[in-house]
There are 2 protein chains.
Amino acid sequence: MKPSLSPSVDLSAQIAANIRDAIVSGALIVDERLPSEAELALQFEVSRATVREALKRLAAQSLIRTQRGATGGAFVNRISFQAAQAQQITTSTLLLSMNDVSFETACEARYALERACAPLSARRRSQSHIDVMRAEIARQSQQDLSDEAFCASDVAFHRALVDGACNPVLSYQLAGAVEAMQPLMNMITFTARSRDAIIALHVAITDAVEAQDGAAIGTGLTDLEAETQSLAHRVFAQRSGQPA
Amino acid sequence: MKPSLSPSVDLSAQIAANIRDAIVSGALIVDERLPSEAELALQFEVSRATVREALKRLAAQSLIRTQRGATGGAFVNRISFQAAQAQQITTSTLLLSMNDVSFETACEARYALERACAPLSARRRSQSHIDVMRAEIARQSQQDLSDEAFCASDVAFHRALVDGACNPVLSYQLAGAVEAMQPLMNMITFTARSRDAIIALHVAITDAVEAQDGAAIGTGLTDLEAETQSLAHRVFAQRSGQPA
DNA sequence: AAACTTTAAATGTCTGACATTAGTTTTTCA
DNA sequence: TGAAAAACTAATGTCAGACATTTAAAGTTT
């Protein structure tokens, strides 16, 4: 199954890569039990501690799970959409915050992707999606809402829109794009007037979803993107021109 | 920075989560050095082995890197688009192969996302993108190409199309959707006639990209999606109706 | 001043032990 | 006889301490 490690270059990483390949290639199938740590240590000719570090790496990627006890061990994990989404969000968020991605670029990507969902959401959305969207609009309309809560509600609104496409792969892919924007959005202070403009567009989009009018959803999203971009532009220009 | 672990529930996971939160929240910034393993062991009141397992988890997510030697240690990693993409592809591929996602659903998601790039690619594509696309078309036209090589070239073609949007966030997000389809595509046997149909559409799409006609790119992608779906439908129907 | 040597601090690895968990089997006894 | 209790067992989780290796910096020599 897995011999031949080149010495003096991070054994635990090599072992992890070895097992990962076996999983990705299908040599190890879902719910199959890996050899015990002691056996793996023998096979790879390393100590149990090194094997454990390798297994922890795989666990961090949700590739395996471990169970204690007599019949325990490490098992190939069926990665869930939920777990994959959580990882994707973490990665995307860090990627954006660490690489000086401009608000403009991230925003453009996000809205481009969301528009991709519009025709499908128009066709397949159920009442529950519309209910969520209207509920979030109601929340956004509360006067005393903090900027952060407003952003969080915005994310929930957009996720409902995406989920309306009833395509789990699409929802999963979009989760990263939508959620990763939140820290960037949180840098913005929303005036009452800008909130009103956004809410008005949310209403227009929701109406279009309810009317199953894909083109109108797309138009609404384009308008919302323009509004968001110009708002961000104003906020950042003001900040750099008049620093605190 | 990080006290208070609840005992008897996977200490290394708790420690990893603790440090991960510090990184995501920005309390630890890029290239900042973490305390040494020995210091972390003292702070968290666990053994060095446990700390190491936690650090390996973080390393598996590219959140930290480690350096040996006197001034070495664990450093917060600036996650690159490349590393993030690689992780995303692994995750997406496994997600699709392990969760009985239908070809139809995955294909729909992929083309929906790709169409999202069309307007931007039309506007911003450079000659190099077109060159890559034409080169891949030439490769796909080779008579003796294996199905697997044909699929790989198809992926390269589509990635060039996506890269034409000149938005790194978009390229990153799409990588998962495009690459993860490859194992599913590899299950298909391409007849000479179906290859010709696909290549003809690739040519049409490339022409549209060159002409900067976003709408035509979208139409081409929609046609290609229909072609792919019906091809897959035929192949799978034949297989289930007439098993080997 | 440059080249070499030593030192120190860090990660990488190994060993062996014990703790904890959770099935499985055996024993007890009502 | 049968069900509860106890013992067993195999696995992961954790710890302590040792040694190997790497690397930068400090010190020494020429």
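Residue numbers start from 1 in every chain, and the chains themselves are labelled A, B, ... in the order their sequence lines are given, proteins ahead of strands.
Between the CD atom of B:Glu37 and the P atom of D:dA16 there is a distance of 15 Å, given to the nearest Å. Spacing between atom CZ of A:Arg68 and atom C1' of C:dA19 amounts to 8 Å, rounded to whole angstrom units. Put simply, CD on A:Glu45 is 15 Å from C1' on C:dT13, counting in whole angstrom units. Computed from coordinates, the A:Asp10 CG to D:dT22 C1' distance equals 13 Å when rounded to whole Å. Atom-to-atom, CD1 of B:Ile15 to P of D:dG13 comes out at 14 Å; the value is rounded to the nearest Å. Look at CZ on A:Phe75: it is 13 Å from P on C:dA22, rounded to the nearest Å. What separates CZ of B:Arg48 from P of D:dC19 is a distance of 14 Å, to the nearest Å. Residue A:Phe44 contributes atom CZ, which lies 14 Å from atom P of C:dT13 at whole-angstrom precision.
A salt bridge links B:Arg65 with B:Asp31: the closest approach of a Lys/Arg side-chain nitrogen to an acidic carboxylate oxygen falls below 4.0 angstrom. The pair B:Lys56-B:Glu53 does not meet the salt-bridge criterion, since no charged nitrogen lies less than 4.0 angstrom from a carboxylate oxygen.
With hydrogens and angles ignored, the 3.5 Å screen pairs no side-chain donor or acceptor of B:Arg48 with any backbone N or O of B:Ala38. Distance alone, capped at 3.5 Å, places no donor-acceptor pair between the B:Asp163 side chain and the B:Ser171 backbone.
Each of A:Thr50 and A:Gln67 has a nearest nucleotide on DNA chain C; the 5'-most of these lies closest to A:Thr50.
Here the side chain of B:Ala70 is nearest to one of C:dG23, C:dT11, D:dA24, namely D:dA24.
Using bins of under 30°, 30° to 60° and over 60° for the plane-to-plane angle, the ring pair A:Phe236/A:Phe103 lands in the perpendicular bin.
At the phosphate of D:dC15, OP1 or OP2 sits under 4.0 Å from a side-chain N or O atom of B:Ser47.
Within a 6.0 Å sphere centred on CD of A:Glu32, heavy atoms belonging to other residues, nucleotides or ligands number more than 12.
Non-hydrogen atoms lying under 4.0 Å from DNA chain C are contributed by B:Arg52, B:Lys56, B:Thr66, all within residues 52-66 of chain B.
Judged purely by distance below 3.5 Å, without hydrogens or angles, the side chains of B:Gln61 and A:Thr90 never pair a donor atom with an acceptor atom.
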